[in-house]
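I have placed the structure first, in the form of structure tokens, so that the comments after it can refer back to it.
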Amino acid sequence: MVRVRAACIGHNRWRMSDPLASLSTLLEPLFANFNGGVPADPTVRPSDRADAQINGALALAKRLGENPRDLAQQVLESGILTDVAADAEVAGPGFINVTFSSSFLESQLAAVVKDKRLGVAIAAEPKIVVVDYSAPNVAKEMHVGHLRSTVIGDSLVRLHEFLGHTVIRENHIGDWGRPFGMLIEHLLDLGEDVVSDGLSQGDLDGFYKQANTKFKDSEEFQDRARDRVVLLQGGDEATLVLWRRLVEMSNSYFQRVYTKLDVLLTDDDLAGESRYQPLMEGVYARLDSAGLLREDAGAMVVFPPGFKNRDGAPLPMIAKSQTGAFMYATSDLACVVDRVERLDADLMLYVIGTPQAQHLQMVFEVCRMAGWLVEPTKAVHVGFGNVLGADRKMMRSRAGDSVKLADLLDEAVERAEVAIAEKNPDIGHEERLVVANMVGIGALKYSDLSTERIKDYVFDWDRMLAFEGNTGPYLQYAHARICSIFRRARIDRASVRSEHIILNQPQERGLAMRLLAYPSAIATTLDSFSPHKLCTYVYELASDFSSFYQECPILKSPEPMRTSRLALADFTAQVLEHSLGLLGITAPEQM
RNA sequence: GCCUCCGUAGCUCAGUGGAUGAGAGCAGCGGGUUUCUACCCCGUCGGUCGCAGGUUCGAGUCCUGCCGGGGGCGCCA
């Protein structure tokens, strides 16, 4: 006979809203008991054949040398499931299929609908999280690659903030380095006012290309550019004034794009490369005193173990070049040190493309060697793949250039406006513009976020703006549709909130189960810093609602069903709006 | 050459070591609803989960080796 001590079941964990998580928590003491006091995972999983299946008996029986079906039977006979399950049976080699009782689901739901956090608990251990993302280059156009970094980073910021972590956004803009010699000289040649006009209109690429062309064609210009770099790095005040002008002009442009994109980045989040220049000397000295520096081919380097070059020889991280200049790796070291020692970061996320993977691994490894990056402090490369065109190659404009992000945003909004005008002619002109912004930008963001970030993804206007399938507009529409029910019936949503929800129809149960799984969806999303997992959840939620909407009349139902369904719809809208919000997507009330 | 990531339906993509029912959307075909806005539902078509081994009670999932594709591999950032 198995005895379970009630004290083992933590009250708070028991109240976790996800029935699967609750079930797992409920079973843990029993499984530990079976296992001689050692914890054993009950392995509770969603199931197509029931609400949940418990698979842990198989692994445990194997370990104990027992029959898995017998062990599963013991779980049933313990009576532990009687409060939560309407039905439970041993199936196959030793699975337990569990169908939750409606009263159990209703009670879980009753607790959650009153909760402003929609059932999602604040993190038990709040951390300081630094998110490094976006990172455009001064005097260069933002392109579609910056979209990915910006959108993924923005979502990770919102997710961590929601869980109660202290999030520090850092926009590591490219505002330092050799190109600034030529850029400043080009600025002087054209005159500040001319440049200011051009840059404020977003012609950053033109400016950069002109400077580059001049640099290639003119030796005189090259000399001036080189001298100017020396002046810049030497701290010449007149040069710094010009440099600041360039940075400011670019930043104001970036900020306009961020506003249009509806992301959280502001000027306060700027943490460009220039900030770390004064820190590099100190970092270099600390590498030296730690005994990590080696001289190699005239450069000062660190050899992190495990990295090899094309000849199979150890691959160095170059701290200082032959000419005595610090390298970008040194700058990134300084950056880590700054984040760990000044900002007191527990977790650093680098939302940067996958081509930087090896570089970042080397930087992190050198930081560990130097003792700057010590567990439990973590640095994680949140890498992402390329955006591809229909030809499955890197997306290019017709002219063969990389696509300007600003143009992409404008086109998204224009296309959304056309679609809305066509599908909802009744909507007012001003309202249409507002909604077109939400839908266009939302569609763009969602298509970027909804696939596994590490993979390349294929950009397709028609697919991302479709009202069917796993798209932003479909999810926004599910939300708008719920708002529409209340609007038409002239019912205040707040009036049904926290009303008791009755779960009779399978569609109601399914929807309720999904709503209760919101905290788990967020947890698995953050486990791997993968917003697409939250996207999948929101899509499934919207699909579940559509089924419910189809099968369960709301306004025409008699009481108490009518109020119950209104409450269920209202809570669904809340979770839809909130989860889309965590993805950085706004949910309009009509579209 | 070495390292690394990717390879799942015609297309775009999901898939926590769990059931010889591997899913979704789109596209195609056939039907049903057409009511609270564009939806939704049912059926059908479509898969050697790149290939071959291995580990495991159980592998799309873990390991090894191949094949194909992308990226990286010293003084740019």
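Note that these values count all heavy atoms, side chains included, but never hydrogens, waters or copies made by symmetry.
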From the options B/C40, B/G18, B/U35, select the nucleotide whose nearest atom is closest to the side chain of A/S546.
B/C40

Nearest to the A/L555 side chain among B/C36, B/A24, B/C5, which nucleotide is it?
B/C36

Testing the 3.5 Å rule here: is there a donor-acceptor pair between the side chains of A/S557 and A/R565?
yes

If the sugar-phosphate is the primed atoms plus P, OP1 and OP2 and the base is the rest, what is the B/S/- string for nucleotides 71-77 of chain B, using protein heavy atoms under 4.0 Å?
SSBBBSB

How far, in whole Å, is [M] from [N] if one measures between their [atom1] atoms?
{"N": "B/G17", "M": "B/C13", "atom1": "C1'", "result": "23 Å"}
{"N": "B/U48", "M": "B/U8", "atom1": "P", "result": "11 Å"}
{"N": "B/G18", "M": "B/C26", "atom1": "C1'", "result": "30 Å"}
{"N": "B/C49", "M": "B/G43", "atom1": "P", "result": "24 Å"}
{"N": "B/G47", "M": "B/G7", "atom1": "C1'", "result": "14 Å"}
{"N": "B/G25", "M": "B/A14", "atom1": "C1'", "result": "10 Å"}
{"N": "B/U61", "M": "B/U20", "atom1": "P", "result": "15 Å"}
{"N": "B/G10", "M": "B/A27", "atom1": "C1'", "result": "8 Å"}

With no hydrogens and no angle check, is any side-chain donor or acceptor of [X] less than 3.5 Å from a backbone partner on [Y]?
{"X": "A/S155", "Y": "A/I152", "value": "no"}
{"X": "A/S450", "Y": "A/C535", "value": "no"}
{"X": "A/N309", "Y": "A/G312", "value": "yes"}
{"X": "A/R453", "Y": "A/G383", "value": "yes"}
{"X": "A/R148", "Y": "A/D448", "value": "yes"}
{"X": "A/S564", "Y": "A/P560", "value": "no"}
{"X": "A/R562", "Y": "A/L555", "value": "yes"}

Which dot-bracket string describes RNA chain B (Watson-Crick N1-N3 plus N6-O4 or O6-N4, or G-U N1-O2 and O6-N3, all under 3.5 Å; [ ] crossing; | other strand)?
(((((((..((((....[....)))).(((((.......))))).....(((((..]....))))))))))))....

Whether over 12 other heavy atoms sit under 6.0 Å from A/E589 CD:
no

Polar pairs (N or O, both sides) under 3.5 Å between protein and nucleotides 8-15 of chain B?
{"from": "B/U12", "atom 1": "OP1", "to": "A/R392", "atom 2": "NH1", "distance (Å)": "3.1"}
{"from": "B/U12", "atom 1": "O2'", "to": "A/R463", "atom 2": "NE", "distance (Å)": "3.2"}
{"from": "B/U12", "atom 1": "O2'", "to": "A/R463", "atom 2": "NH2", "distance (Å)": "3.0"}
{"from": "B/C13", "atom 1": "OP1", "to": "A/V458", "atom 2": "N", "distance (Å)": "3.0"}
{"from": "B/A14", "atom 1": "OP1", "to": "A/E452", "atom 2": "N", "distance (Å)": "2.3"}
{"from": "B/A14", "atom 1": "OP2", "to": "A/K455", "atom 2": "NZ", "distance (Å)": "3.0"}
{"from": "B/G15", "atom 1": "OP1", "to": "A/H532", "atom 2": "NE2", "distance (Å)": "2.8"}

Electrostatic pair A/D132-A/R339, nearest N-O below 4.0 angstrom:
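Looking at A/D132 and A/R339, the cut-off is met.
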
